[in-house]
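For reference, the structure is listed below as structure tokens.
In this text the structure is predicted, and so the values were computed from the model without any measurement.
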Amino acid sequence: KLKIDKIYLVINKNEYVKYTSDKDYTVINPKSDKDIINILNKSICFLSTSESEGFGLPPLEAMSRGCCPIIVDAGGTSSYCFNGYNSLVSNKNNQKVLLKNIKLLINDKNFRLKLSNNGLDTAKKFSQKNISSAWYNLIINYNINSENKNKQNLINYVRDKINYLIFVFKNCDQKLKKNIFSELLL
């Protein structure tokens with residue numbers, strides 16, 4: 001039995017989710033971003049069992065509030081969720097690992113704080129200012145004023161750079177990922 005004081009089940013009002021009332025959790029339908037922020041601020045972990053995501057913003061939002069994501073590897077989250085560094089990630093359909101990860105976060109405060117701090121650092125890299133600056137620099141460095149370049153060349157250039165970064169990201173170890181991608185977004 002887990003020693004959890006309060007469980008919040010946050011459901012988007014636009015989604016239909018069948019659930020039963022239970023004294024062990026509180027169902028919340030947030031009406032605003034502020035409601036979500038308030039829940040994340042008082043939570044130690046964010047559990048997502050989604051098996052398919054584009055970028056998967058909610059775990060990053062949780063990180064920005066110091067809340068540790070426990071997630072299923074859903075594709076898009078792999079661009080910023082690193083198992084044991086800023087989140088706990090399990091394979092799809094592995095409920096035993098999800099439960100083990102929840103227990104680990106509840107029982108190991110030092111590990112939880114490490115993930116939380118690393119998550120806060122990760123979230124800062126994805127701030128609007130940092131992302132805007134990275135795009136701006138990418139476009140400026142392309143030398144738009146060159147005579148031979150047109151819109152299609154710009155699109156191809158950006159696509160090639162992104163594909164290269166994805167290739168590097170998928171094929172390097174954890175420590176190298178941290179070094180390469182933290183410098184890229186600074």
Spatial distance of atom OG (Ser87) from atom OH (Tyr80) [nearest 0.5 Å]: 8.5 Å
Could you list the residues that satisfy side chain to side chain contact (heavy atoms under 4.5 Å, CB included) with Lys100, not counting sequence neighbours? none
With sequence neighbours excluded, tell me which residues meet side chain to side chain contact (heavy atoms under 4.5 Å, CB included) with Lys34. Ser32, Asn38
Do you reckon Leu104 sits in the same ILVMFWY cluster as Ile44, going by side-chain contacts under 4.5 Å, direct or chained? yes
Quick one: are Leu40 and Ile36 in side-chain contact, heavy atoms under 4.5 Å? yes
Short side-chain to backbone donor-acceptor contact, Asp73 and Ser90, under 3.5 Å: no
Does one hydrophobic cluster hold both Phe111 and Leu47, with members joined at side-chain heavy-atom distances below 4.5 Å? yes
Those residues at least two apart in sequence (or on a different chain) that pass side chain to side chain contact (heavy atoms under 4.5 Å, CB included) with Lys124 are Asp121
Using 0.5 Å steps for rounding, measure from the CG atom of Leu105 to the CG atom of Leu88. 5.0 Å
Set of residues satisfying side chain to side chain contact (heavy atoms under 4.5 Å, CB included) with respect to Asn117, sequence neighbours excluded: Leu120
Quick one: does Ser48's side chain get under 4.5 Å of Val72's, heavy atoms only? no
Got a second to check how far Cys45's SG is from Arg112's CZ, nearest 0.5 Å? 9.0 Å
Val89, Leu115: one ILVMFWY side-chain cluster at the under-4.5 Å cut-off? no
I'd like to check Leu99 versus Lys103 (side-chain heavy atoms, cut-off strictly below 4.5 Å). Are they in contact? yes
What do the steps show when you test Ile102 against Ile106 for side-chain contact (heavy atoms from CB on, under 4.5 Å), and what is the final call? CA-CA 6 Å; Ile102 293 168; Ile106 290 170; 3.7 Å; yes
N/O donor-acceptor pairs under 3.5 Å from side chains in residues 63-71, not counting sequence neighbours:
| residue | atom | partner | partner atom | Å |
| --- | --- | --- | --- | --- |
| Ser64 | OG | Glu61 | O | 2.6 |
| Arg65 | NE | Asn41 | OD1 | 2.8 |
| Arg65 | NH2 | Asn41 | OD1 | 3.2 |

Report the distance from atom CD1 of Ile39 to atom CZ of Phe46, rounding to the nearest 0.5 Å. 12.0 Å
Sorted by chain and number, sequence neighbours left out, side-chain hydrogen bond (donor to acceptor under 3.5 Å, both in side chains) with Asn86 holds for Thr122
